[in-house]
Amino acid sequence: MPNPVKTAEMNDDQVIGPHELADLLNTTVSQIYKLTSSEPDRLPPRLVVFGRKLAWRVGACKEWLRAQQVAHVTARNLQASAKRIGRPR
């Protein structure tokens, strides 16, 4: 396994592989491989490199994570502001 490096120490142009992406997203490497083949839209945009090598730019991953957080907060606010239907609790 690669030597862990903190995200804050990484340059935005640095290229990372599935192991580092799994650490960044707090998931497993096998989940990264599974999502790249079955649901690639649930991961940050991937770099196209030689062959079947998986790679991502750190800056793109950070931006994607921020966008996911904003989307989650927005969805939660919309859900909270929606008028409930049914008997009051």
Side-chain angles (χ1 to χ4, degrees):
M1 180 167 234
N3 194 10
V5 177
K6 294 184 179 182
T7 311
E9 298 172 0
M10 293 183 186
N11 184 359
D12 282 350
D13 291 330
Q14 186 173 349
V15 177
I16 59 173
H19 291 277
E20 294 86 7
L21 183 65
D23 289 340
L24 183 65
L25 299 180
N26 196 24
T27 188
T28 62
V29 177
S30 60
Q31 184 69 11
I32 297 295
Y33 283 115
K34 178 182 171 187
L35 289 174
T36 54
S37 62
S38 64
E39 301 177 63
D41 57 325
R42 291 187 57 199
L43 290 174
R46 197 178 123 188
L47 286 176
V48 178
V49 292
F50 301 107
R52 297 179 351 185
K53 182 154 177 72
L54 299 175
W56 293 266
R57 286 202 189 279
V58 173
C61 294
K62 288 179 183 178
E63 288 175 20
W64 182 83
L65 280 171
R66 285 186 206 108
Q68 296 299 312
Q69 184 180 16
V70 168
H72 178 71
V73 169
T74 304
R76 179 179 278 176
N77 289 343
L78 287 175
Q79 184 181 20
S81 66
K83 187 173 180 180
R84 293 181 57 137
I85 300 174
R87 70 176 180 86
R89 294 187 181 184

Original post:
Are the side chains of Leu25 and Leu65 in touch, meaning some heavy atoms are under 4.5 Å apart?
Top reply: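 Leu25 reaches Leu65 side chain to side chain.
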
Distance check, rounded to the nearest 0.5 Å: [X] atom [atom1] versus [Y] atom [atom2]?
X     : Y     : atom1 : atom2 : answer
Leu43 : Lys34 : CG    : NZ    : 11.5 Å
Cys61 : Asp12 : SG    : CG    : 10.0 Å
Leu35 : Asp41 : CG    : CG    : 9.0 Å
Leu24 : Ile32 : CG    : CD1   : 9.0 Å

**OP:** Under the salt bridge (charged side-chain N to carboxylate O under 4.0 Å, His left out) rule, collect the residues that match up with Arg42, sequence neighbours excluded.
**Re:**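 Scan of Arg42 (salt bridge (charged side-chain N to carboxylate O under 4.0 Å, His left out), adjacent residues dropped) gives Glu39.
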
Using a 3.5 Å cut-off and no angle test, enumerate the donor-acceptor pairs between side-chain atoms of residues 51-58 and protein atoms at least two apart in sequence or in another chain.
{"unit_1": "Trp56", "atom_1": "NE1", "unit_2": "Pro44", "atom_2": "O", "d": "3.2"}
{"unit_1": "Arg57", "atom_1": "NH1", "unit_2": "Asp13", "atom_2": "O", "d": "3.1"}

Original post:
Quick one: side-chain contact (heavy atoms from CB on, under 4.5 Å) partners of Thr28, sequence neighbours excluded?
Top reply: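 By the side-chain contact (heavy atoms from CB on, under 4.5 Å) rule, Thr28 matches Ser30, Gln31.
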
**OP:** Using the test side-chain contact (heavy atoms from CB on, under 4.5 Å), find all partners of Glu63 that sit at least two apart in sequence or belong to another chain.
**Re:**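 Glu63 satisfies side-chain contact (heavy atoms from CB on, under 4.5 Å) with Arg66 only.
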
Original post:
Quick one: hydrophobic cluster around Leu47, which other residues, with the 4.5 Å side-chain cut-off, linked directly or via members?
Top reply: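 Members besides Leu47, by chain and number: Val15, Val49.
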
